[in-house]
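Below is one structure, written out as structure tokens; the observations come after it.
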Amino acid sequence: METARPGPVPTVDYVHGYSRREGRRLGDQADTLARLLHDGTSYPAGSRVLEIGCGVGAQTVHLLRSSPGAHIVAADRSEESLARARAHVAAAVPDARMEWHRADVYDLPFADGEFDHVFVCFVLEHLPAPRQALAVLRSVLRPGGTLTVIEGDHGSAFFHPDSLYARAAIECQISLQTAAGGNPLLGRELHPLLTGAGYEDVEVRPRTVYADRTRPALAEGFTRDTFTAMVEAVRGDALAAALITSADWDRGIADLHRTAREGTFHYTFFKATAVNPSPPSPPSATKPSPV
């Protein structure tokens, strides 16, 4: 039984951009959080796994390492990102056997039920119609196949010392991503999104990052090089939109850096797993009773 695929949806700009700096930030994020986010995710040898929105391959490397026998198919709509992903994977996992496709999540070039598993990380938050995207992904997932989704939630960020300026800078990033058609608070919505798209056995669990001076790798790799770097990248757009003054912005970013050096920082990711339900069995024919 085929799953109907919704029509195309207009694409929106990736709010963080496609600069080399952003590529490095994605790599820092993936490497720093690999154990936290990928724990419990591995796929059997021979299974076909679609990673949609692979970007520069930051998460692809960790999928390959945790599931060396699986057949990974990575797809992204950006040809530039795919080229960088190929280079990154070739350097990190030189013996990897996988496929690369340029594809839009709303218009996938794959057959119905082609994949055993689908992996989606930090993608839905940038889409104008995430439930529709999940429905399309369900169409290429075999009945009984699994979907894994990981998303953040910028509303979960809190820190000490607190700073109104830092919170204002974070709010600028949230406002800009929302204006671009995304949802930076999507993590908290994963369960209703997945059930609304027709998945079953949906399970969502928080994956919390907490950093202080006793965890210097997280303070540097996440607080500074991932989260603060993400906020810093929208400075020009925030000022152009008159969301904040230059002085207040600079103070907010300085306060976030202070948090990385000497404070505490907390952020929650949400990881969901779900199953594509099997179609109902047709009713069995009954023979008439003998007279």
Side-chain angles (χ1 to χ4, degrees), residues 1-12 14 38 40-55 57 59-60 63-64 67 69-79 81-82 85 97-151 181-183 186-187 189-204 270-283:
M1 177 178 171
E2 295 185 355
T3 303
R5 301 197 188 188
V9 170
T11 57
V12 297
Y14 176 56
H38 286 266
T41 299
S42 62
Y43 300 110
S47 60
R48 286 180 61 81
V49 182
L50 172 63
E51 181 196 6
I52 190 67
C54 68
Q59 304 295 337
T60 315
L63 286 176
L64 288 165
S67 303
H71 185 89
I72 308 294
V73 178
D76 197 274
R77 69 175 187 167
S78 167
E79 191 62 60
S81 292
L82 284 171
R97 296 175 59 188
M98 58 178 301
E99 296 176 30
W100 302 94
H101 292 268
R102 184 179 182 184
D104 188 284
V105 67
Y106 298 111
D107 187 23
L108 295 176
F110 306 116
D112 287 338
E114 181 171 341
F115 296 97
D116 301 296
H117 309 281
V118 174
F119 180 83
V120 191
C121 187
F122 307 147
V123 174
L124 299 180
E125 65 171 298
H126 300 291
L127 302 180
R131 182 177 296 184
Q132 185 167 332
L134 288 168
V136 175
L137 291 171
R138 193 162 73 85
S139 72
V140 300
L141 185 61
R142 67 167 173 80
T146 69
L147 173 82
T148 297
V149 181
I150 302 172
E151 291 291 344
N183 180 1
L186 186 134
E189 300 180 21
L190 278 182
H191 195 282
L193 275 174
L194 288 163
T195 55
Y199 292 86
E200 294 182 347
D201 299 326
V202 178
E203 182 177 282
V204 181
F270 294 88
K271 183 173 183 177
T273 55
V275 175
N276 183 23
S278 299
S281 301

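This structure is a prediction, so every number in the text was calculated from the model and none was measured. All values below come from the heavy atoms of this structure, side chains included, with hydrogens, waters and symmetry mates left out. Residue numbers start at 1 and run along the sequence shown.
Of the possible donor and acceptor atoms, one in the side chain of Asn276 sits under 3.5 Å from a partner among the backbone N and O of Leu141. Listed for the Arg77 side chain is no donor-acceptor partner under 3.5 Å among the backbone atoms of Ala103.
In this structure, Leu147 CG and Leu50 CG are separated by 9.5 Å, a value rounded to the nearest 0.5 Å. The distance from the CZ atom of Phe115 to the CZ atom of Arg142 is 12.5 Å, given to the nearest 0.5 Å. Distance check, rounded to the nearest 0.5 Å: OG of Ser47 to CD1 of Ile72 gives 7.0 Å. Atom CH2 of Trp100 sits about 10.5 Å away from atom OG of Ser81, to the nearest 0.5 Å. One finds the NE2 atom of His191 at 14.0 Å from the OH atom of Tyr199 (value rounded to the nearest 0.5 Å).
Closest non-hydrogen pair, Val73 versus His101, comes out as CG1-CD2, 3.5 Å. For the pair Phe270 and Leu190, the tightest heavy-atom approach, listed with the atom from each and the gap, is O-CD1, 3.6 Å. Considering all non-hydrogen atoms of both residues, His117 and Pro44 come closest at NE2-CD, 3.8 Å. Taking each heavy atom of Met98 and Ala74 in turn, the nearest pair found is CE-CB, 3.6 Å. In plain terms, the two heavy atoms of Leu194 and Ala272 that are nearest each other are CD1-CB, 3.5 Å. Between Ala133 and Leu127, the shortest heavy-atom distance links the atoms CB-CD1, 3.6 Å.
Side-chain contact between Glu200 and Ser278: absent, with no pair of heavy atoms (C-beta onward) separated by less than 4.5 Å. Considering only heavy atoms from C-beta on, Thr146 stays 4.5 Å or farther from Thr273 through its side chain. Inter-residue side-chain proximity for His38 and Leu63 is flagged as met; some heavy-atom pair is nearer than 4.5 Å.
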What do the steps show when you test Ile150 against Gln59 for side chain to side chain contact (heavy atoms under 4.5 Å, CB included), and what is the final call? CA-CA 11 Å; Ile150 302 172; Gln59 304 295 337; 6.0 Å; no

Given Val136 and Val105, is the side chain to side chain contact (heavy atoms under 4.5 Å, CB included) satisfied, shown in steps? CA-CA 7 Å; Val136 175; Val105 67; 5.6 Å; no

Can you check side chain to side chain contact (heavy atoms under 4.5 Å, CB included) on Leu193 and Leu186, steps first, answer last? CA-CA 9 Å; Leu193 275 174; Leu186 186 134; 3.8 Å; yes

Test salt bridge (Lys or Arg N to Asp or Glu O under 4.0 Å) applied to Arg131 and Glu189, step by step: CA-CA 11 Å; Arg131 182 177 296 184; Glu189 300 180 21; over 6 Å; no

Derivation of the side chain to side chain contact (heavy atoms under 4.5 Å, CB included) call for Asp116 and Tyr43: CA-CA 9 Å; Asp116 301 296; Tyr43 300 110; over 6 Å; no

